[in-house]
Amino acid sequence: MKNPSGYSRMQIILHWVVVVLVALQYLLHDGISDAYDIAEETGVYALSAPVIGHIAGGALILLLACWRLILRNDRGVPAPPEGEPEPFRRLSHLAHLAVYALLILLPVSGALAWGGQIEAAGDAHEVLKMLLLLLILAHVGAVAVHQLVWKTGLMKRMMRAQD
C-alpha cells in the first residue's frame, strides 16, 4: 500500500464534511426517532422534513464514506507517526476499519428500517449508532494522546494537505 507523506486536500475535506454530517445526524435525530416510533405504532411511514433530512444525511454519509475508501485505496494514507507504540498502530488500523464499516452499515440499516420497514434493522441501527459514538470518543481520545502525551503532531495531518 502507498504511504504518502500526508493526506490529500480531498481526503481532508471529506473527513471534516463527514464529521459535520455525523454530528448533525446525532444532534438532529429526534425528528426521525419520533417519526419511527409513530410508524411502528401505526404502520404509516410518513415523510416529513426531519425524516427526509435524516435520510438525505445518511445517504450522503454513505456516498462520502465510499468515496473516502476509494481515495484511501488509490492514494494510500500516511504511515503512523513515529512516536506511536506498535500495539496502538494495530488498534488504530482496526478502529479506522470499524469506523468505515459503521459509516456504511448505519445508512444501510437505517434504509432497511425505514424503507424496508424491518424492525430488526431499526434495532441494529440503534446498536450501530452507539458503537459509532464510542469509536468517535475513542478516536478523539487517541488524537488527544497523540497531541498531549506522545507529541506526534498528528492533528496537522488532518489540517494541512500534502497533494
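We use all heavy atoms of the structure for the numbers below, so side chains are in, but hydrogens, waters and symmetry mates are not. Residue indices begin at 1 and follow the sequence shown.
- With sequence neighbours left out, the ring pair (Phe, Tyr, Trp, His ring centres under 6.0 Å) criterion links His96 to His139.
- In terms of the salt bridge (Lys or Arg N to Asp or Glu O under 4.0 Å) criterion, residue partners of Arg90 (sequence neighbours excluded) are, by chain and number, Glu86.
- By the salt bridge (Lys or Arg N to Asp or Glu O under 4.0 Å) test, Glu40 is found to be paired with no residue, residues two or more places apart in sequence or in another chain being considered.
- A single hydrophobic cluster is not seen to contain both Leu62 and Val22; linkage of ILVMFWY side chains at heavy-atom distances under 4.5 Å, directly or through other members, places them apart.
- Through direct or relayed side-chain contacts under 4.5 Å between Ile, Leu, Val, Met, Phe, Trp and Tyr, Ile55 connects to Ile32, Tyr36, Tyr45, Leu47, Val51, Ile52, Trp114.
- Residue pairs meeting the salt bridge (charged side-chain N to carboxylate O under 4.0 Å, His left out) criterion with at least one member in residues 92-110, sequence neighbours excluded, do not occur.
- The minimum heavy-atom distance between Asn3 and Ala79, with the atom names listed, is ND2-N, 3.6 Å.
- The salt bridge (charged side-chain N to carboxylate O under 4.0 Å, His left out) contacts involving residues 123-133 comprise Glu126-Lys129, where partners must be two or more places apart or lie in separate chains.
- For Arg9, the salt bridge (Lys or Arg N to Asp or Glu O under 4.0 Å) partners at least two apart in sequence or on another chain are Asp163.
- The CG atom of Leu97 sits 8.5 Å away from the CG atom of Leu69 when rounded to the nearest 0.5 Å.
- Taking both residues in full, the closest heavy atoms of Pro81 and Arg89 are given as O-NH2, 3.0 Å, listed atom of the first, atom of the second, then distance.
- Considering only heavy atoms from C-beta on, Arg75 comes within 4.5 Å of Pro4 through its side chain.
- Side-chain atoms of Ile12 and Ser8, non-hydrogen and from C-beta on, never get closer than 4.5 Å to each other.
- In this structure, CZ on Arg68 lies 12.0 Å from CD1 on Ile13, to the nearest 0.5 angstrom.
- Residues Leu148 and Val143 do not share a hydrophobic cluster, defined by chaining ILVMFWY side chains whose heavy atoms lie under 4.5 Å apart.
- For the pair Val19/Ile136, no side-chain contact is recorded, criterion being any heavy-atom separation below 4.5 Å from C-beta on.
- The distance from atom CG of Leu112 to atom NE2 of His125, rounded to the nearest 0.5 Å, is 10.5 Å.
- Sequence neighbours left out, not one pair with a member in residues 6-27 passes ring-ring contact (aromatic ring centres under 6.0 Å, His included).
- His54 places none of its side-chain heavy atoms less than 4.5 Å from the side chain of Leu28.
- Between Gln25 and Gly58, the shortest heavy-atom distance links the atoms NE2-N, 3.2 Å.
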Practice item. Step by step, work out the side chain to side chain contact (heavy atoms under 4.5 Å, CB included) result for Leu103 and Val18. Key: CA-CA 9 Å; Leu103 291 177; Val18 169; 4.0 Å; yes
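- Through side-chain heavy atoms spaced under 4.5 Å, either directly or across other Ile, Leu, Val, Met, Phe, Trp or Tyr residues, Phe88 is tied to Val145, Val149, Trp150.
- Considering all non-hydrogen atoms of both residues, Ser109 and Leu128 come closest at OG-CD1, 3.8 Å.
- Apart from Leu91 itself, the hydrophobic cluster it occupies contains nothing, where clustering links Ile, Leu, Val, Met, Phe, Trp and Tyr at side-chain heavy-atom distances under 4.5 Å.
- One hydrophobic cluster, built from ILVMFWY side chains closer than 4.5 Å, holds both Leu135 and Leu14.
- Residues Val44 and Ile38 are not in side-chain contact: their nearest non-hydrogen atoms beyond the backbone lie 4.5 Å or more apart.
- Within the structure, the salt bridge (charged side-chain N to carboxylate O under 4.0 Å, His left out) test picks out no pair touching residues 148-160 (sequence neighbours left out).
- Note: the hydrophobic cluster containing Leu24 does not contain Leu64 (ILVMFWY, side chain heavy atoms under 4.5 Å, direct or indirect links).
- A single hydrophobic cluster is seen to contain both Met158 and Leu154, as judged by linkage of ILVMFWY side chains at heavy-atom distances under 4.5 Å, directly or through other members.
- With sequence neighbours left out, His146 forms a side-chain hydrogen bond (donor to acceptor under 3.5 Å, both in side chains) with Glu84, Thr152.
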